[in-house]
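Quick notes on the structure that follows.
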Amino acid sequence: QVQLVESGGGLVKAGGSLRLSCAASGNTFSIYAMGWFRQAPGKEREFLTAISLSGGNTYNADSVKGRFTISRDNAKNTVVLQMNSLKPEDTAVYYCAATVDGSNYYRAPQYRDRYNYWGQGTQVTVSS
């Protein structure tokens with residue numbers, strides 16, 4: 001089993017920055033890639049960005065390119081989401097996810113059903 005815990009959410013004004021972390025525990029050796037999704041009220045959970053832990057390949061949704069950056073820590077069991085130039089429309093619950101399946105991962109990192117484990121989410125609120 002893998003457990004994921006997000007941290008770093010909070011309230012920030014438009015134009016500001018936040019740094020989210022996702023710490024993985026348990027059978028972390030089984031994780032192939034980790035990513036971030038978000039879900040705003042009344043909206044579907046959407047893919048933001050992901051990274052393969054071994055190779056460090058990143059995948060980014062068009063909506064966050066140039067503003068959000070995902071990275072790994074040295075132990076490859078924590079990922080960080082650096083969010084800059086935040087907008088009110090970025091307000092959502094942000095979820096960390098992990099997958100153990102690396103088969104053709106590059107073809108489908110954005111699909112929710114690719115991920116085996118999910119954190120409980122952390123609230124990000126951007127005020128105008």
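Heads up: numbering here begins at 1 and tracks the sequence.
Residues satisfying the side-chain hydrogen bond (donor to acceptor under 3.5 Å, both in side chains) criterion with T78, sequence neighbours excluded, are D73. E44 is linked by a side chain to side chain contact (heavy atoms under 4.5 Å, CB included) to R112, counting only residues two or more places apart in sequence or in another chain. For Q82, the side-chain hydrogen bond (donor to acceptor under 3.5 Å, both in side chains) partners are N84, not counting sequence neighbours. Taking the side-chain hydrogen bond (donor to acceptor under 3.5 Å, both in side chains) definition, one finds that T125 meets it with Q123, sequence neighbours left out.
Within the structure, every pair that satisfies the side chain to side chain donor-acceptor pair (under 3.5 Å) test and touches residues 20-30, not counting sequence neighbours, is listed here: Q3-S25. Sorted by first and then second residue, the salt bridge (Lys or Arg N to Asp or Glu O under 4.0 Å) pairs involving residues 51-65 (not counting sequence neighbours) are D62-K65. Applying the disulfide bond (SG atoms under 2.5 Å apart) test to residues at least two apart or on different chains, none of the pairs has a partner in residues 43-72. Each salt bridge (Lys or Arg N to Asp or Glu O under 4.0 Å) pair with one or both residues in residues 115-126, not counting sequence neighbours, would appear here, but there are none. Listed by first and then second residue, the salt bridge (Lys or Arg N to Asp or Glu O under 4.0 Å) pairs that reach into residues 87-109 are R38-D90, R67-D90, D101-R114, sequence neighbours excluded.
Taking every heavy atom of both residues into account, A33 and S52 meet most closely at CB-CA, 3.8 Å. Shortest non-hydrogen contact noted between A40 and A92 is N-CB, 3.8 Å. Between S63 and E46, the closest heavy-atom pair is OG-OE1, 4.3 Å.
Around atom CD of Q120, no more than 12 heavy atoms belonging to other residues, nucleotides or ligands sit under 6.0 Å away.
Under a 4.5 Å side-chain heavy-atom cut-off, the cluster of Ile, Leu, Val, Met, Phe, Trp and Tyr residues that includes Y94 is completed by V2, L4, V12, L18, L20, I31, M34, W36, L48, I51, L53, V64, F68, I70, V79, L81, M83, L86, V100, Y117, V124, V126. Cluster note: F29 groups with no other residue, as no ILVMFWY side-chain heavy atom lies under 4.5 Å from it. Counting side-chain heavy-atom gaps under 4.5 Å among Ile, Leu, Val, Met, Phe, Trp and Tyr, the cluster of Y95 also holds Y32, F37, F47, Y59, V93, Y105, Y106, Y115, W118.
Of the inter-residue distances, the one linking S127 atom OG with K13 atom NZ reads 4.0 Å to the nearest 0.5 angstrom. Of the inter-residue distances, the one linking N116 atom CG with Q1 atom CD reads 12.0 Å to the nearest 0.5 angstrom.
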